[in-house]
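Here's the structure we're looking at; comments come further down.
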Amino acid sequence: MKCPAVACLWPPSAPSHRITAVTVLLHNAPSLFTGGSDGAIVRWALSGHDVRPLALLCGHAAEIAVLAPCFPDSSNPMSSTLYPSALLSACADGVLCVWSAGSFRCRRRRKLPQWAGSPSHLAALPSLPRHVCIACSSSESSKSSVLIVDSSTLLMVQTVFHGSLGIGYVKSMAFVPLMDEVEKGKQAVFLVDGYGKAQFLALPKESGHDGEGSTSSMNRGSSSESLTSVWGESNSNDGEQAVAVAQDGSLLVLIYEFHCEFRSVLNGKVMGEVSLLDSNLGNEESSARVNLTGGLFLHRDVSCSVSETHVSEEDSPRSFCFAFCCSNGSAMVFLIFISYTVFNFQPLCEVPAGPLNSVGESLFHFCQLNDSVVRLESLSFSLGDLLVWKPSITIWSIVEFESIKESKHGSCSFSMLLGKGDFSDIKSFCHTKKLDEEFSNSYQQRESLDSSNLGILGSKRSDNGHCLADRIISSSMVLSHDFYPQYAIVYGFYSGEIEVAWLLSPSLNENSAEEDSLDPSNLRVTECFFLGHTGAVLCLAAHLMSESSSNRTLHRILVSGSMDCTVRIWNLDSGTLLLVMHHHIAPIKQIILPPAWTDKPWNDCFLSIGEDGCVALVSLETLRVERMFPGHPSYPSMVAWDSRRGYLACLCRSMPASSDSVDILYLWDVKTGARERIIRGSASHSMLDHFCKGINLNFINGSIMGGTTSASPLLLPVSDDSGSFQSRSTRTDVGTVAVSEVKKLQSDRKSTDFPESYSYLTNNNTGKLPSISMIHDANSDSAVNSLAKQLAFQHVRENKKHPIICFCPFPGIAILEFDLSSLVSLNYLQNNDEQTVSQSSNIAKEQSVKDEPSDGSAVAQGDRSNIMKPALEGYLLRFSLCFLHLWDIDLELDKLLKEEMDVCKPDGFEIAAGILGDRGSMTLMFPGLCASLELWKSSSEYCAMRSLIIVSLAECMIGLYHSTTVAGSALAAFYTRNFAERVQEIKPPLLQVANNLLVSFWQDPSEHVRMAARSLFHCAAPRAIPHSLYGQKTLHPGAKTSSVNVEEHTHSESDQTSASRHAILENSIQTKNADYEIVSWLDSFEIHEWVSCIGGTSQDAMASHIIVAAALVVWYPSKVKENLAKLVSDRLVKLVMSMNDRFSSTAAELLAEGMESSWKSCLGPEIPRLVGDIFFQIECLSGTPANTGKHNQSMTANIRESLVGILLPSLAMADIAGFLNVIEDQIWSTSSDSPVHLVSLKTLIRIVRGSPKPSALYLDKILNYVLQTMDPSNLVMRKACLKSSMLALKEIARVLPMVALNELSTRLAIGNAIGDVRNVTILVYDLESVTKIKILDASAPLGLPSLLEGASNAGMATAISALSFSPDGEVHRMLFTCKKCLIHV
């Protein structure tokens, strides 16, 4: 299971956001969503008069085309009246995302087939809300598609239409029932273009009943099955195209530039018209180029009736409210009445126009929120040749008015402003606030501006001399080298400046080994600037030169591409400019570095891609252009570099309209520079996916873009597989790398990133907590660092995962993704693979001897490696806690972490929370404590995962440094218990889904993670028992009261019998209902959100339900229903036998722990059969081939240990007789060298230790089995089991006194433990030959039984209570006791 954590680092300036789509989601508290031209979706929180940005939803890399609510968890048609449970978004390149309504995490991300085109409209089907109808069109061809997609899985269920429509570009889509008698009862998709032409596409009845992922045959062209009817355009408009179309029920509104028409959906008849000049919007004050841009129906229960949602008859009268939206930001709400012969409209209220934007363009969108209208404005201002957009939101009431004015159509009221907000409301965006002030000043001084200047924004300067507008970020990337955490963020600005913000100071403190130098103020920001570009910096890349490079003066290289058409190469270490390249004649949009494991000479090269359609290969070793790949018809939007096969794949979009295919893929030979092939159409995307799968991922950012670049991971192709997708940080298609390749790569890379200084290594600092300021050594090239490099390479090669992944999804927003499994597995450097460590130490020693042959004071490399390993692990843990801990909640805890653990809040960056979604998507909270707390409140999955990560890291720190015990314990307690007490409405992991998530980590390879998951579960479980399992105690009807009159006891016997039968029947019905609820909950297999969070499957969901139920039965039996143990026991046994690598061991532990208290009564006679099944599994696990993977071998060992060491002894002690019968059969039915015999002997030892009294009853059978395994006639079994058999005999003799063992004479004496004292014998065996050599009569003396048997006239139950050999080993001096009598033989 994966458990990632995300920390988002926000810049001082807000991101650019031009609104292209908007919707409102009513789920608990209403939320507003705006989609941007860059693919970002902003969630706005609406609370009273406050409108503030809350989260940034990152799942698209193209313009958001449409946003709409959906119902992925519903299959009931009536559920459409409920609140939607998710948000569905679609962008121009066909990528769909479903965002949960709670945490708004992306639960599913997929891409439509290439032939479908670009989505333009989508809506949930009324008959089946889970399914969504999507209308798609191609901008370069006449083909269109109408698809039905399952909103839960985003699988295409059916293709309603694909081909050429009888109308133009679709402006509106809705669902209407068909009125024809032949097709009556069916629903149709109603499509309208901008010229008023409409087309009906009939939906087949079976469209909503197909199985998940099924696809029916496509209806292409003008199929009679899908094409129902088309009615033409109105002749009154002379071909004028409508700017917008609105539809509601039986009404269709065509909105033109200066008027609008109301038509009937049934036949297209014009029922009325409203003109802009005749309405209140056409007054003289606003007549300067004010035109209509859209409109919307308002559904509200006020003075006008709610708009109908069904198609009514033509002559049925109807009144409704409609809002007309204008280009100046104003909106007029009309009350409209329509009947067969009457059309009346009356102005109701007006939303005033927006402020004039004198320095740019303003775009407006409107939507409805309850009884108010939301106006969304996008303000632009120019920075050179680029535009930066700023959103602004205002909410206006349509039922409360500020003033009233008269017009020729009656009185009209001005709406009241209810709330407003924008990005400047966030305190962290200090540059945005200053820009707003300048924008306000420019509005007041707009008349004095010279048209040739950039305006006030370009002339004002801040205190530090930089233009405030030019401090807006145009590109960014996070620097991290090889296998150590990032240490800097590089920002490219619109002004052409490049700023490097170091998380750690690049200078070293040589005296940092002293304890006083452990200054917690180590995560400080140090800035440096690179000046030279005259245009906006559009792309960045950082490269670490290989050691084999001929240019020894270069180490770290920074490459930047700009709007000024130049590529600049910088020395990142010295901050100097190396070269300015002018090989492009258009802006450079992308820099691509070579993939991992690229051979020389291509490993020190990069690709530059420009808008001129040219791709250039530049060598950093020679500092010149080596190859040019020209001839692309447009900018290659996607370039894949396959260095192993030596090819480039360049995908170009937007081909000429004469071609049916819009995309072309060019294949180039890197070595020769020749163009190998051109692939057109949908095959181009298939080939590009093939190239991407064959390219090694970069370990640092999980990208095929090579090394560290500013390219967003959202640009990567979305996989089309139907299985569970792993995010970019967990993908493991890196390929198997040979050891020789790794060693070669190690020798080719400079060892400059090991986080240790010589002063720390050479001084006596073992066990001290290393300071973070000691981690960065920019020029160290020692053998010690080489050792660390080799260890790190080996760790990543084995795990194929870097503990910290860093990337920038959008310019200026840096993401740090922490992987829990990789962070806690770093202790392999201390406890695992000692041989590799020894070999690496020897290599380091040889290198040190070569470099310093006469230096006798050098510290041994092996000792240094022992110091370096915990230093590296400690640094990674502390670095992670700095960014993952929620600061400023518990100030005392923050102070304790700072003083004892050297963990502090990083200065200079605004850190926000985030949560990963499906296939590389993520949800990022905006900066500020309120936004991060909102994620804790809304998502129990996030609470459980973040608490698990921090508690696990705290325990790792305690295990690594004992001096951090107090701080680590306080940190773990805070996230386990104290968080919910300090912050109101915070949901710690107390919900049911959190329990299911936590049990998934009970079998984690790391002990720290297992313990943390169990601690959090025990804290949450008593207060989060599922309703179906909760056993609510109720009083019996007969025990309600005792204060009754004597007359009440005179009821007849028949009445009492009837009441008793009725009570029994009622209890039986309640029991059946309770059992049905339990079984339904246990067998549920729906994919919950927590399953996708940790990368699980539907089988994992079912298994976790079983584990949760079993844990509640064992640990909290008084809080669950009585029949739960009986219903879950069989499922728990099946889970054990399924050999599930994630849950079988946990199931075995729960079965063993509750055997006596819960499961023994449920399993009963099934225990011997279960024991036999376990022996069979042991045989299968022991026969695992030796060439299986290391992970499978580890999993097999864990499951075998759980079965043998935990479950089998508990089953054997629950039914000793049944266990003995099974192992007696096994000794004859299995091979002599089977591991079953050894397991049986070990289990016998556990039985004798754990249950000595019950085992004494079966002493003869136990010893007989042990002696059979030592039989000399079976040499194979004796050789395999002799050692274990002797251990078993020793343990039996130690625990049971009626058995004596003499190892010197190899004699074994066994006395009758139970029997009649008048007939007692002692058997003596020779262990060498395993034969019975003596039978001693140990009957009691005459008269003893008559003295002791008493009135019962029965013999003694205990025959022999103790035996021992004499010191010389002679049998004739053996002693035995019978009750109180000591008898010598």
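By the 4.5 Å heavy-atom criterion applied to side chains, Leu665 and Leu667 are counted as neighbours. Annotation: side chain of Arg108 is not in contact with side chain of Ser152 (no heavy-atom distance under 4.5 Å). Side chains of Tyr666 and Pro633 form a contact here, defined as non-hydrogen atoms less than 4.5 Å apart. Looking only at side-chain heavy atoms (C-beta outward), Tyr169 and Ser120 come within less than 4.5 Å of each other. By the 4.5 Å heavy-atom criterion applied to side chains, Pro594 and Trp641 are counted as neighbours. The shortest side-chain heavy-atom distance between Leu88 and Pro69 does not fall under the 4.5 Å cut-off. With a 4.5 Å cut-off on side-chain heavy atoms, Glu817 and Cys806 do not count as touching. Here the side chains of Ile815 and Ile813 are in contact, with some heavy-atom distance below 4.5 Å.
Shortest non-hydrogen contact noted between Ile664 and Ser684 is C-CB, 4.3 Å. Contact detail for Ala86 and Leu25: the closest heavy-atom pair is O-CD1, 3.7 Å. What you find for Cys565 and Pro587 is that their closest heavy atoms are SG-N, 3.8 Å. The two residues Leu67 and Ala21 have their closest heavy-atom pair at CD1-O, 3.9 Å. Between Gly610 and Pro636, the shortest heavy-atom distance links the atoms O-CD, 4.2 Å. Of all the heavy atoms in Cys91 and Ser118, the pair that sits closest is O-OG, 4.3 Å.
Looking only at distances, no side-chain donor or acceptor of Asp918 sits under 3.5 Å from a matching main-chain atom of Ser921. Of the possible polar contacts, none joining the Arg110 side chain to the Leu96 backbone as a donor-acceptor pair under 3.5 Å is found. Side-chain atoms of Ser474 do not come within 3.5 Å of backbone N or O of Leu538 as any donor-acceptor pair. Without hydrogens or angle criteria, Gln199 side chain to Gly166 main chain gives a donor-acceptor distance under 3.5 Å. Side-chain atoms of His131 never come within 3.5 Å of backbone atoms of Ala124 as a donor-acceptor pair (strictly under, hydrogens ignored). Between the side chain of Ser476 and the backbone N or O of Gly812, at least one donor-acceptor pair lies under 3.5 Å. No donor-acceptor pair closer than 3.5 Å links the side chain of Ser712 to the backbone N or O of Phe810. Ser643 contributes no side-chain N or O that, together with a main-chain N or O of Thr598, makes up a donor-acceptor pair within less than 3.5 Å. Looking only at distances, a side-chain donor or acceptor of Thr923 sits under 3.5 Å from a matching main-chain atom of Phe104. Remark: the backbone N or O of Phe161 is not paired with any side-chain donor or acceptor of Thr159 at under 3.5 angstrom.
The ring pair (Phe, Tyr, Trp, His ring centres under 6.0 Å) search around Phe606 returns none, not counting sequence neighbours. The side-chain hydrogen bond (donor to acceptor under 3.5 Å, both in side chains) check on His584 picks up Ser608, Asp612, with sequence neighbours excluded. Residues that satisfy the side-chain hydrogen bond (donor to acceptor under 3.5 Å, both in side chains) test with Tyr635, not counting sequence neighbours, are Gln590.
Between the side chains of His17 and Thr34, a donor-acceptor pair is found at a separation under 3.5 Å. A donor and an acceptor atom, one from each side chain of Arg627 and Thr672, are nowhere located under 3.5 Å apart. Donor-acceptor pairing under 3.5 Å is recorded for the side chains of Ser89 and His60.
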Exercise. Assess whether side chain to side chain contact (heavy atoms under 4.5 Å, CB included) is satisfied between Asp38 and Ser16, documenting all intermediate values.
Key: CA-CA 9 Å; Asp38 59 349; Ser16 177; 5.9 Å; no
- Task: Under the side chain to side chain contact (heavy atoms under 4.5 Å, CB included) rule, what do Leu593 and Thr709 come out as? Steps first, then yes or no, please.
- Result: CA-CA 8 Å; Leu593 295 177; Thr709 67; 4.0 Å; yes
Exercise. What's the verdict on side chain to side chain contact (heavy atoms under 4.5 Å, CB included) for Cys1093 and Arg105, showing C-alpha distance, side-chain angles and the deciding distance?
Worked result: CA-CA 9 Å; Cys1093 286; Arg105 174 188 175 272; 3.3 Å; yes
Practice prompt. Go through the steps for Ile915 and Met922 under the test side chain to side chain contact (heavy atoms under 4.5 Å, CB included), then give the verdict.
Written response: CA-CA 6 Å; Ile915 185 170; Met922 65 205 78; over 6 Å; no
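For an aromatic pair to be called close, the ring centres must be under 6.0 Å apart, and Phe629 with Trp668 satisfies this.
In this structure, Asp150 pairs ionically with Arg130, as a charged nitrogen and a carboxylate oxygen lie closer than 4.0 Å.
Ring pair Trp115/His162 is perpendicular by interplanar angle, where above 60° counts as perpendicular and below 30° as parallel.
Note that CD of Glu676 is 11.0 Å distant from CG of Leu648, once rounded to the nearest 0.5 Å. Here CG of Leu57 is found 8.0 Å from CZ of Arg43. Values are rounded to the nearest 0.5 Å. Note that NE2 of His365 is 12.5 Å distant from OG1 of Thr23, once rounded to the nearest 0.5 Å. With rounding to the nearest 0.5 angstrom, the CD1 atom of Ile609 is 9.5 Å from the NE2 atom of His632. Between Phe175 atom CZ and Ser127 atom OG the span is 8.5 Å, to the nearest 0.5 Å. Annotation: the span from Gln247 atom CD to Leu191 atom CG amounts to 10.5 Å, rounded to 0.5 Å.
For the pairing with Val170, the side chain to side chain contact (heavy atoms under 4.5 Å, CB included) check across Val146, Val192, Val245, Leu165 returns one residue only, Leu165. A side chain to side chain contact (heavy atoms under 4.5 Å, CB included) with Val670 is found for one member of Leu617, Leu607, Asp642 and no other, namely Leu617.
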